[in-house]
K.L.:
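Before we start, here is the structure in question, set down as structure tokens.
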Protein chains: 2
Amino acid sequence: MGDKYDCLKISNQLCFPLYACSKEIVKRYKPYLDPIDLTYTQYITMMVVWEEKEITVKALGDKLYLDSGTLTPVLKKLEQKGYVKRSRSKDDERNLIITLTDEGLELKKQACEIPAKMGQCVKLSPGETEQLYSLLYKILGCFPEEN
Amino acid sequence: MGDKYDCLKISNQLCFPLYACSKEIVKRYKPYLDPIDLTYTQYITMMVVWEEKEITVKALGDKLYLDSGTLTPVLKKLEQKGYVKRSRSKDDERNLIITLTDEGLELKKQACEIPAKMGQCVKLSPGETEQLYSLLYKILGCFPEEN
DNA sequence: GACAATTAGATTGTGTACAATTAAATCAAC
DNA sequence: GTTGATTTAATTGTACACAATCTAATTGTC
């Protein structure tokens with residue numbers, strides 16, 4: 001055991017469990033997100049809009065690590081569903097401002113059970129959860145906030 | 001501070017850094033994968049094929065947490081590039097067997113520098129890396145291997 | 001051995017992700 | 001104040017990712 005190709009074994013990669021875990025957890029959101037007709041990407045986008053009430057696409061992209069190629073269609077969908085409004089900034093016409101609508105605020109009430117329900121699906125102790133959380137942010141911290 | 005909606009803050013989610021971290025790391029593979037003309041999904045698929053030499057699509061999907069809807073086009077692409085062969089099992093015609101070709105084996109030599117290069121991009125100590133690795137597999141362990 | 005149930009892949013449709021390019025607005029230098 | 005550079009979104013093209021459905025092959029039951 002231990003040949004020069006061991007480094008290429010899938011079980012020796014750190015990236016793989018990260019990738020697989022992320023996908024599996026996102027998948028487990030579906031049963032909770034379906035009733036409020038949101039996808040995972042739409043959900044995390046709404047989370048930021050719920051917090052900020054008003055934010056540019058640029059700032060949203062920085063927070064979510066997503067670019068306009070991803071966000072533009074997501075935001076158009078959310079506007080179409082009536083949860084946000086899209087309008088150009090008066091100060092700087094290049095900026096598109098995303099604003100929470102009344103329906104968007106209403107949705108927040110229905111969403112607020114979701115985090116607790118999802119928490120049960122990850123079988124880690126509070127200490128382990130904290131550890132994982134801080135390791136992940138340590139990695140993210142090394143990356144430029146945006147592209 | 002600490003209202004009833006704190007649970008919906010993006011910074012209080014465990015899923016989000018997991019999702020963001022996974023994407024950011026996959027993105028950082030690109031400069032190393034471009035020269036050998038593989039995408040990340042094609043790369044992890046080849047990793048398993050390099051280890052197994054011969055494997056069914058089903059088993060591949062179990063290992064990679066991917067379904068046939070994702071794997072079918074990926075494997076056709078890899079076949080087209082000449083790295084794998086796709087053929088039905090004689091024993092059970094339902095099974096599609098993926099076999100490593102000589103070109104596929106050749107590619108392994110070029111790929112073997114990648115893990116070390118990527119390792120430098122994640123700024124964690126060996127202990128922290130080990131910790132993260134085991135926490136992620138702990139979560140994955142709770143999930144059924146497949147869908 | 002016929003037939004229902006199961007299993008493995010393929011296909012289709014929707015929704016991300018991201019690189020690369022484009023277009024419009026603003027900024028910076030002079 | 002005009003022009004070149006920068007910034008912000010949108011667009012386009014490629015490649016996943018997965019749910020749902022379909023088809024063909026196999027298995028289990030009697």
Side-chain angles (χ1 to χ4, degrees), chain A residues 19-31 33-34 37-46 55-62 64-81 84 86-98 143-144 146-147, chain B residues 19-31 33-34 37-46 55-81 84 86-98 143-147:
Chain A
Y19 160 84
C21 216
S22 166
K23 282 192 309 130
E24 289 302 306
I25 289 187
V26 167
K27 216 186 295 184
R28 275 162 184 75
Y29 270 93
K30 193 171 156 53
L33 292 176
D34 275 351
D37 189 32
L38 289 182
T39 63
Y40 179 74
T41 312
Q42 290 164 11
Y43 175 60
I44 59 173
T45 302
M46 285 307 300
I55 189 172
T56 64
V57 171
K58 177 76 167 65
L60 204 46
D62 287 347
L64 296 175
Y65 293 83
L66 292 172
D67 72 2
S68 69
T70 303
L71 282 175
T72 297
V74 167
L75 290 167
K76 283 182 177 175
K77 206 63 181 282
L78 288 173
E79 180 181 48
Q80 184 187 313
K81 293 182 187 184
V84 305
R86 298 165 69 249
S87 52
R88 291 284 163 182
S89 164
K90 294 277 185 294
D91 296 344
D92 185 339
E93 289 276 351
R94 288 172 307 181
N95 288 302
L96 185 72
I97 312 272
I98 304 303
F143 297 152
E146 211 250 338
N147 322 280
Chain B
Y19 160 84
C21 216
S22 166
K23 280 192 309 130
E24 289 301 307
I25 289 187
V26 167
K27 216 185 296 184
R28 274 160 184 77
Y29 270 93
K30 196 172 156 50
L33 292 176
D34 275 351
D37 190 31
L38 288 183
T39 63
Y40 179 75
T41 312
Q42 291 165 9
Y43 174 60
I44 59 173
T45 303
M46 284 309 299
I55 189 172
T56 64
V57 171
K58 177 76 167 66
L60 204 46
D62 288 347
K63 274 184 182 281
L64 295 175
Y65 293 84
L66 292 172
D67 72 3
S68 69
T70 303
L71 282 175
T72 295
V74 167
L75 291 167
K76 284 183 177 174
K77 206 65 180 281
L78 288 173
E79 180 180 48
Q80 186 187 312
K81 293 181 186 184
V84 304
R86 298 165 68 249
S87 53
R88 291 285 164 181
S89 164
K90 293 278 186 290
D91 297 344
D92 185 338
E93 290 275 352
R94 286 172 307 181
N95 289 302
L96 186 73
I97 313 272
I98 305 302
F143 296 153
E145 269 258 302
E146 212 250 339
N147 322 280

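Labels below follow one simple rule: chain letters A, B, ... track the order of the sequence lines, proteins then strands, and each chain is numbered from 1. These values consider heavy atoms only, across backbone and side chains, with no hydrogens, waters or symmetry-generated copies.
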K.L.:
Taking donor-acceptor contacts at under 3.5 Å, does the side chain of S68(A) reach the base of dA10(D)?
P.N.:
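Yes, the side chain and the base share a sub-3.5 Å donor-acceptor pair.
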K.L.:
Is the phosphate of dA17(C) approached by T41(A) (side-chain N or O, under 4.0 Å from OP1 or OP2)?
P.N.:
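It does, given that an N or O in the side chain of T41(A) lies less than 4.0 Å from OP1 or OP2 of dA17(C).
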K.L.:
Would you classify V26(B) as touching base, sugar-phosphate or nothing, given that sugar-phosphate means primed atoms plus P, OP1 and OP2, and contacts are heavy atoms under 4.0 Å?
P.N.:
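Nothing, no nucleic acid heavy atom in range.
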K.L.:
Closer to the 5' end of DNA chain C via nearest nucleotide, is it Y40(A) or V57(B)?
P.N.:
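The residue mapped nearer the 5' terminus is V57(B).
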K.L.:
Not counting sequence neighbours, which residues clear side-chain contact (heavy atoms from CB on, under 4.5 Å) with S68(A)? List them please.
P.N.:
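S68(A) satisfies side-chain contact (heavy atoms from CB on, under 4.5 Å) with T72(A) only.
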K.L.:
Answer yes or no: does a side-chain N or O of T39(A) lie under 4.0 Å from OP1 or OP2 of dT16(C)?
P.N.:
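Checking T39(A) against dT16(C): at least one side-chain N or O falls below 4.0 Å of OP1 or OP2.
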K.L.:
Applying salt bridge (Lys or Arg N to Asp or Glu O under 4.0 Å), can you list everything that pairs with R86(A), at least two apart in sequence or on another chain?
P.N.:
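Residues passing salt bridge (Lys or Arg N to Asp or Glu O under 4.0 Å) with R86(A): E79(A).
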K.L.:
Would one find a side-chain N or O of R88(B) under 4.0 angstrom from OP1 or OP2 of dA10(C)?
P.N.:
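So the side chain of R88(B) is within the cut-off, an N or O lying under 4.0 Å from OP1 or OP2 of dA10(C).
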K.L.:
Please tell me if Y19(B) has a side-chain N or O lying less than 4.0 Å from either OP1 or OP2 of dA17(C).
P.N.:
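Checking Y19(B) against dA17(C): at least one side-chain N or O falls below 4.0 Å of OP1 or OP2.
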K.L.:
It should be established whether N95(B) places a side-chain nitrogen or oxygen under 4.0 Å from OP1 or OP2 of nucleotide dA25(D).
P.N.:
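No, N95(B) has no side-chain N/O under 4.0 Å of OP1/OP2 on dA25(D).
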K.L.:
Classify T70(B) by what it touches in the nucleic acid, base, sugar-phosphate, or nothing, heavy-atom distance under 4.0 Å.
P.N.:
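It contacts base atoms.
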K.L.:
When you match K30(A) and R86(A) each to their closest nucleotide on DNA chain D, which lands nearer the 5' end?
P.N.:
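The 5'-side residue here is R86(A).
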K.L.:
Please determine whether a side-chain nitrogen or oxygen atom of K27(A) lies at a distance below 4.0 Å from atom OP1 or OP2 of dC18(D).
P.N.:
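K27(A) to dC18(D) OP1/OP2: side-chain N or O found under 4.0 Å.
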K.L.:
Could you pull out all residues at least two apart from K30(A) that satisfy side-chain contact (heavy atoms from CB on, under 4.5 Å)?
P.N.:
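Scan of K30(A) (side-chain contact (heavy atoms from CB on, under 4.5 Å), adjacent residues dropped) gives D34(A).
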K.L.:
Could you tell me which residues satisfy salt bridge (Lys or Arg N to Asp or Glu O under 4.0 Å) with R94(B), sequence neighbours excluded, listed by chain and number?
P.N.:
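Scan of R94(B) (salt bridge (Lys or Arg N to Asp or Glu O under 4.0 Å), adjacent residues dropped) gives D92(B).
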K.L.:
So which protein N/O to nucleotides 5-7 of chain D N/O distances come out below 3.5 Å?
P.N.:
from	atom 1	to	atom 2	distance (Å)
dT7(D)	O2	R94(A)	NH1	3.2

K.L.:
Tell me what D34(A) touches on the nucleic acid: a base, only sugar-phosphate, or nothing, going by heavy atoms under 4.0 Å.
P.N.:
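No contact.
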K.L.:
Please list, chain by chain and in numerical order, all residues satisfying side-chain hydrogen bond (donor to acceptor under 3.5 Å, both in side chains) with K81(A), sequence neighbours excluded.
P.N.:
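Expected list: Q42(A).
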K.L.:
When you get a sec, tell me which of dT26(D), dT11(D), dC18(C) is the closest nucleotide to the side chain of D67(A)?
P.N.:
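Minimum distance to the D67(A) side chain belongs to dC18(C).
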